Amino acid sequence: MSEADETRDGVALTNLDQPLSDTADATKRDLVDYLDAVADQILPQLRDRPLSVIRVRPGQPPFMQKNLPRYTPDWVRRVPIWAEASHREISYALCDDRRTLLWFANQRAVEYHPTLNTVADQHRPTHLVLDLDPPEGGGFSAAVAAALLVRQALADAGLSGAVKTSGAKGVHVFVPLAGDPGAEEVAAATRALAVRAERIDPALATTAYIKEERGGRVFVDATRAGGATVAAAYSPRLRPGVPVSFPVDWADLPGVTPADFTIRTVPSLLAGTDRWAAAMPAPQPLPEDLVAEGRTIPVARVQAMHEGKRRARARRETG
């Protein structure tokens, strides 16, 4: 075994001193050490949830992996899920323990994107999520301002949520759910909250799914319900400096930047605590009026698809 190899929890770790990627300014060892240091915090976010990861190999562009490769060890727990889009069964990993997390780290899995539902009930999201995505060239502060609109919309509906940096340029707001609402109900409530946040300050926030229609405003993304995934709290992101999706108190949010939280700084910031668990309010039932309002709002992707077809038809007719 070379100096760049070692074994932890029975997992052979190789080429640890290689650069993680061309842009990350970190080694594979940095990634492994970080994930090992925060295993107690990140594993509760991943456990029992079908997992997609973003991996990077030397000299190759990053790629998202959903289907486990054939060489995956037998001890990695997995669940088969039918993918309607590709008409095939996908074998998703369930990252339930340190050993599996270390195996993924050795595979150069940098980002961890679990589903919002658990394997026990794949049609019931455990959280409602709104993703605040600033425009091209728009700063993190714009996403923060939009997140505060979402917080107001939640409060007006009698709800409360926890907030974290996305680890990229945006902000995620999570609302834990009680009463086991189905995916359709959660999706409807998410749309309604997004529209209510937009209504508070339409010059700042927009629910326009088509980028060209956003007009430099922050996109309040309500599409995370259903089978969508979200970068987990404490997940690294494959960007310069390897930032981390990190929980922030609402009061502190205006004073932070994504670069404050990286694989080098987060372990000492946590000091063994789970800030995401501490910030998360108790599960809450969805207000019936919120769900009812959401059902009157078109589904963004469907609306965008119809708009795309309409524009194509108009081009043909004028061409």
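Quick caveat: nothing in here was measured; it's all calculated off a predicted structure. Below, each value reflects all heavy atoms present in this structure, side chains not excepted, and no hydrogens, waters or symmetry copies. Note that the numbering runs from 1 along the sequence shown for the chain.
Between Asp156 and Arg196 there is no salt bridge, since no side-chain nitrogen of the basic residue lies less than 4.0 Å from a carboxylate oxygen of the acidic one. In summary, Asp96 and Arg77 engage in a salt bridge, as defined by a charged side-chain N under 4.0 Å from a carboxylate O. Looking at Glu111 and Arg55, no side-chain N of the basic residue comes within less than 4.0 Å of a carboxylate O on the acidic one, giving no salt bridge. Look at Asp180 and Arg124 and you find no salt bridge, because none of the NZ, NE, NH1 or NH2 atoms lies under 4.0 Å from a carboxylate O. Ion pairing between Glu184 and Arg295 holds under the 4.0 Å rule for side-chain N and carboxylate O. With respect to Asp33 and Arg8, a salt bridge is recorded, a charged nitrogen being found less than 4.0 Å from a carboxylate O. The residues Arg199 and Glu293 are annotated as salt-bridged, a charged nitrogen and a carboxylate oxygen being separated by less than 4.0 angstrom.
Residues Ser91 and Asn67 come closest through the heavy atom pair N-OD1, 2.7 Å. Between Trp276 and Tyr234, the closest heavy-atom pair is N-OH, 2.9 Å. Residues Asp5 and Asn15 approach most closely at OD1-N, 2.9 Å, considering heavy atoms. Heavy atoms only, all atoms of each residue included: Pro114 and Gln45 are closest at CG-O, 3.6 Å. Closest heavy-atom contact between Val291 and Glu185: CG2-O, 3.9 Å. Residues Ile263 and Ala26 come closest through the heavy atom pair CD1-CB, 4.2 Å.
The closest side-chain heavy-atom distance from Arg275 to Thr273 is below 4.5 Å. Annotation: side chain of Thr100 is in contact with side chain of Trp75 (closest heavy-atom distance under 4.5 Å). The shortest distance between side-chain heavy atoms of Val171 and Ser166 does not fall below 4.5 Å. Put simply, the side chain of Leu102 reaches to within 4.5 Å of the side chain of Val32, judged on heavy atoms. Inter-residue side-chain proximity for Val173 and Lys164 is flagged as unmet; no heavy-atom pair is nearer than 4.5 Å. Within the 4.5 Å cutoff, the side chain of Leu130 has heavy atoms near those of the Thr190 side chain. A 4.5 Å side-chain heavy-atom check between Ile81 and Glu89 finds every atom pair outside the cut-off. Residues Phe140 and Leu132 fail the side-chain proximity criterion, which asks for heavy atoms closer than 4.5 Å.
The cluster map of Ile, Leu, Val, Met, Phe, Trp and Tyr, joined by side-chain heavy atoms under 4.5 Å apart, puts Trp103 and Val79 in different clusters. Side-chain heavy atoms closer than 4.5 Å link hydrophobic residues (I, L, V, M, F, W, Y) into clusters, and following such links, possibly through other members, connects Leu43 to Val38. Each of Val53 and Val119 belongs to its own hydrophobic cluster when Ile, Leu, Val, Met, Phe, Trp and Tyr are linked at side-chain heavy-atom distances under 4.5 angstrom. Tracing side-chain contacts under 4.5 Å through hydrophobic residues (I, L, V, M, F, W, Y), one never reaches Val230 starting from Leu94; they form parts of separate clusters.
Annotation: the span from Asp274 atom CG to Asp40 atom CG amounts to 9.0 Å, rounded to 0.5 Å. Atom OG1 of residue Thr115 and atom CZ of residue Arg224 lie 13.0 Å apart, to the nearest 0.5 angstrom. Separation of atoms CG (Leu159) and CG (Leu177) is listed at 8.5 Å; rounding is to 0.5 Å. Taken from CG in Leu16 to CD in Gln18, the straight-line distance is 9.0 Å, to the nearest 0.5 Å.
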Step by step, would you call Arg191 with Thr207 a side-chain contact (heavy atoms from CB on, under 4.5 Å)?
CA-CA 9 Å; Arg191 292 195 298 274; Thr207 57; over 6 Å; no
Under the criterion salt bridge (charged side-chain N to carboxylate O under 4.0 Å, His left out), I'd like the reasoning laid out for Arg214 against Glu136: C-alpha separation, chi angles, the key distance, then a yes or no.
CA-CA 11 Å; Arg214 295 178 191 168; Glu136 290 296 326; over 6 Å; no
Verdict with reasoning, Arg29 to Asp17, per salt bridge (charged side-chain N to carboxylate O under 4.0 Å, His left out):
CA-CA 6 Å; Arg29 183 185 299 278; Asp17 294 336; 3.0 Å; yes
Full working for side-chain hydrogen bond (donor to acceptor under 3.5 Å, both in side chains) between Tyr92 and Gln65
CA-CA 9 Å; Tyr92 282 88; Gln65 176 184 290; over 6 Å; no
Stepwise side-chain contact (heavy atoms from CB on, under 4.5 Å) check, Lys211 with Phe219:
CA-CA 9 Å; Lys211 282 188 176 182; Phe219 177 42; over 6 Å; no
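Using the six-membered ring where Trp is involved, Phe104 and Tyr112 have ring planes that are perpendicular, over 60° apart on the 30 and 60° scheme.
For Asp22, the CG atom is loosely surrounded, since the number of other residues' heavy atoms within 6.0 Å does not exceed 12.
Side-chain contact of Thr229 with Arg49: a donor-acceptor pair under 3.5 Å is absent, judged by distance alone. Donor-acceptor pairing under 3.5 Å is lacking for the side chains of Arg57 and Gln107.
By the 6.0 Å and 45° rule, Arg88 does not stack over the aromatic ring of Trp82.
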